[in-house]
Number of protein chains: 2
Amino acid sequence: MKVADPLDIPLRQLEYLVAVADHPTWSSAATSLGVSASALSQGLADLERRLGVQLFERQGRRRVLTDLADPVLQHARTVQALSHDIGQWAERVSTLKMGSIRVGMLDVGAVIHFPEVLRLFRTDFPDIGFHLTVAPSSELLAGLRRADFDLIVCVRPSELPPTISATPLLQERLVIVRPPKVKSRPPSAWGPWVLFPKGSHTRSLIERSLREPGSLPHVVAESHQPDVLAQMVSLGLGWAVLPVAQVPEHLDVEIGEPIVTRDLVICQREGAPKHPGVEVLIERLRAVADHD
Amino acid sequence: MKVADPLDIPLRQLEYLVAVADHPTWSSAATSLGVSASALSQGLADLERRLGVQLFERQGRRRVLTDLADPVLQHARTVQALSHDIGQWAERVSTLKMGSIRVGMLDVGAVIHFPEVLRLFRTDFPDIGFHLTVAPSSELLAGLRRADFDLIVCVRPSELPPTISATPLLQERLVIVRPPKVKSRPPSAWGPWVLFPKGSHTRSLIERSLREPGSLPHVVAESHQPDVLAQMVSLGLGWAVLPVAQVPEHLDVEIGEPIVTRDLVICQREGAPKHPGVEVLIERLRAVADHD
DNA sequence: CATTTTAGTTAAGAAATACTTAACAAAGTG
DNA sequence: CACTTTGTTAAGTATTTCTTAACTAAAATG
């Protein structure tokens, strides 16, 4: 019998691991992959044996990933994304089609900064399939990691996921937005607040910069949508911190002082073959961003 | 019959591709992998079929990689390096050993800046296997890519290879070194030169900064070894540009003005699980670098 | 120019791997 | 306690990948 080389882990087993991590139960993971539960079980048992590391724990009749499984899961996701990319590349090259581009953008990117770029890109390159997803930064990053996107524009994260590269695009000033007729005050009397949701990246930027001047943020409402937040401010529910450009002009609110800036960045997966369409799009995004 | 999913490329076939790229002939690649030439041929034929991209061309009775094979080769190397890393990690974790660390360093790092760090690290962690390789930056980078190293200290490259990350460590000033008794002159009268070899990264930095003040570098001798270059200068063969610290003190040469600075960086593979020993070593390198 | 050597491919069967079904154990559920 | 859900194990089947052996074609040899 041949010795199982730990270096030569079947791709399939890595898929199994990812599926198991992403599904509540192993059987559902198995059906999602179109294989029997048995195959999954055997495959994962083999993976565990190969690595010689305990990847799973019993929890009642469920099996859950151990902490040790984490690096392996990271590895699996990385390899999966890479494989996806080379597959896409091969299809593009072999069929001589332009392929398609899936872009993820923060709302502010899609609506305020780059709507024209996106529109023009679609009309200039009608042969390139194009799909835009607007979502919060963390979702975009997760999607980029999973190869759901080829390119995203998001807020620079404090820590980049592995094999993701970020290049700066532009900076945005976030200002304090007060309810109508509310004058400027010392920081200790600021708030209460109406902010982006907990976990949002801009939210943590804001919290950090509010804590600094000595205002413990007391948050009474949350939304990912800046227009909703602005609306709440105009109704007197609380104060907000928003990108200047995203405060609707017709609303009756008080624009206060800039409190923090956030960096919008372009993120891509590293180690993937270049897609010429993506290159062009990046160029155009940069051009507009530099122009601002 | 099952349809061949291009996304599920056997790792083995990627190994074949890399081996073929690294060996002059397919048969030697096959024997280096310990398989028959036939297996290799079939495997690569299958890979080509899966991707639907022409990867090989005939050249007489040889087969060589096409340009199209390049992205696939990149992919293969990346995946190989990742697999190696997860394998190492697994072995470390499963055996509870500290594993080993392979460090690559530029001569100036090993000899001038960090000899103490390296010595102390070895005595502080005798359980961690340790191996140091001193080589030029480009070799180090290639080795890092191939997973020959876990960590390197080199000159910041103008373009990073995919899935390699670089973090700044310190800056070095390179000065003009003139033969004994030769006074400072206008740039047009500089040289002739005794420099690092063509292709060296520091060489291109130097060339760029020499061209700027208007001195076309006429190069009469080359070496990777700074002490050799300095020696040649002292013999009156030509002028050199060297890190101040690498000009031997006892030599009779004229130290001229600083002409360019180079960044030394720490490079690692991205997407690899962390090795605690490597983290410690990095910390110590930074500490010393910041102290300078 | 015939002969030999070298490089790589193709065919056929053997070996190894991965999958399916079926039977089973154990933990929740009504 | 019967019943369902979750996951494992065993045994046989299907698929993939390898080896050996026979073959083609380009270079090298003499």
Side-chain angles (χ1 to χ4, degrees), chain A residues 1-51 54-66 69 76 79-80 83 87, chain B residues 1-52 54-66 69 76 79-80 83:
Chain A
M1 194 187 26
K2 202 173 178 181
V3 180
D5 182 356
L7 275 190
D8 190 6
I9 297 168
L11 248 318
R12 194 61 60 86
Q13 293 185 2
L14 295 183
E15 274 183 61
Y16 288 175
L17 186 67
V18 171
V20 155
D22 289 345
H23 285 89
T25 131
W26 285 31
S27 355
S28 74
T31 56
S32 88
L33 290 165
V35 298
S36 66
S38 168
L40 191 90
S41 177
Q42 293 178 70
L44 289 175
D46 188 51
L47 176 64
E48 201 171 29
R49 193 185 51 67
R50 261 178 224 265
L51 293 173
Q54 191 184 338
L55 300 176
F56 313 105
E57 258 172 3
R58 295 225 88 97
Q59 212 178 69
R61 66 185 171 190
R62 271 199 178 66
R63 299 198 88 186
V64 295
L65 301 191
T66 61
V79 172
Q80 262 196 339
S83 303
Chain B
M1 195 186 27
K2 200 172 178 182
V3 180
D5 182 356
L7 275 190
D8 190 5
I9 298 168
L11 260 262
R12 193 63 60 83
Q13 293 184 1
L14 295 183
E15 275 183 62
Y16 289 175
L17 186 67
V18 171
V20 156
D22 289 345
H23 284 90
T25 132
W26 286 33
S27 355
S28 74
T31 56
S32 89
L33 290 165
V35 299
S36 66
S38 169
L40 191 90
S41 176
Q42 295 179 72
L44 289 175
D46 187 50
L47 176 63
E48 201 171 29
R49 192 185 51 66
R50 262 177 223 266
L51 293 172
Q54 191 184 338
L55 301 177
F56 313 105
E57 258 172 3
R58 295 226 87 97
Q59 213 178 70
R61 67 186 170 188
R62 269 200 180 63
R63 298 198 89 187
V64 294
L65 301 191
T66 62
V79 172
Q80 262 196 340
S83 302

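Labels below follow one simple rule: chain letters A, B, ... track the order of the sequence lines, proteins then strands, and each chain is numbered from 1.
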Item to complete: Using the side-chain hydrogen bond (donor to acceptor under 3.5 Å, both in side chains) rule, take B/T25 and B/S27 through it: C-alpha gap first, then chi angles, then the decisive distance, then the call.
Response: CA-CA 6 Å; B/T25 132; B/S27 355; 3.1 Å; yes

At a cut-off of 3.5 Å, list every protein nitrogen or oxygen paired with a nitrogen or oxygen from nucleotides 8-14 of chain C, distance to 0.1 Å.
unit_1 : atom_1 : unit_2 : atom_2 : d
C/dG8  : OP2    : B/T25  : OG1    : 3.1
C/dG8  : OP2    : B/W26  : N      : 2.9
C/dG8  : OP2    : B/S27  : N      : 3.3
C/dG8  : OP2    : B/S27  : OG     : 3.4
C/dT9  : OP1    : B/R63  : NE     : 3.3
C/dT9  : OP1    : B/R63  : NH1    : 2.3
C/dT9  : OP2    : B/S41  : OG     : 2.6
C/dT9  : O5'    : B/S41  : OG     : 3.4
C/dT10 : O4     : B/S38  : OG     : 2.9
C/dA11 : N6     : B/S38  : OG     : 3.2

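- Rounded to whole Å, atom P of C/dA7 lies 16 Å from atom CG of B/L44.
- Going from atom CD of A/E15 over to atom C1' of C/dA18 covers 13 Å, rounded to whole Å.
- Closest approach of A/S32 and A/H23 over heavy atoms only: OG-CE1, 3.2 Å.
- The side-chain heavy atoms of A/T66 and A/F56, taken from C-beta on, include no pair separated by under 4.5 Å.
- Spacing between atom CZ of B/F56 and atom C1' of C/dA7 amounts to 14 Å, rounded to whole angstrom units.
- A/D46 places its CG atom 15 Å from the C1' atom of D/dT9, with the value rounded to the nearest Å.
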Q: Please assess A/R12 against B/D8 for the test side-chain contact (heavy atoms from CB on, under 4.5 Å), listing each intermediate value before the final yes or no.
A: CA-CA 7 Å; A/R12 194 61 60 86; B/D8 190 5; 2.6 Å; yes

Problem set entry | Working for side-chain contact (heavy atoms from CB on, under 4.5 Å), residues B/V79 and B/L11 | CA-CA 8 Å; B/V79 172; B/L11 260 262; 4.1 Å; yes

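- For B/Y16, no side-chain nitrogen or oxygen approaches OP1 or OP2 of D/dT17 to under 4.0 Å.
- Comparing C/dT20, C/dA18, D/dT17 against the side chain of B/P10 picks out D/dT17 as the nearest.
- With a 4.5 Å cut-off on side-chain heavy atoms, B/Q42 and B/S36 do not count as touching.
- To the nearest angstrom, P of D/dT15 lies 13 Å from CZ of A/R12.
- When each of A/G60 and A/G34 is assigned the nucleotide of DNA chain C with its nearest heavy atom, A/G34 is the one assigned upstream, toward the 5' end.
- Across all their heavy atoms, A/W26 and A/L40 have their closest contact at O-CD2, 3.4 Å.
- In this structure, CG of A/L14 is placed 12 Å from P of C/dA18, rounded to the nearest angstrom.
- As rounded to whole Å, 13 Å separates atom C1' of D/dC18 from atom CG of A/D8.
- A/L11 places its CG atom 12 Å from the P atom of D/dT17, with the value rounded to the nearest Å.
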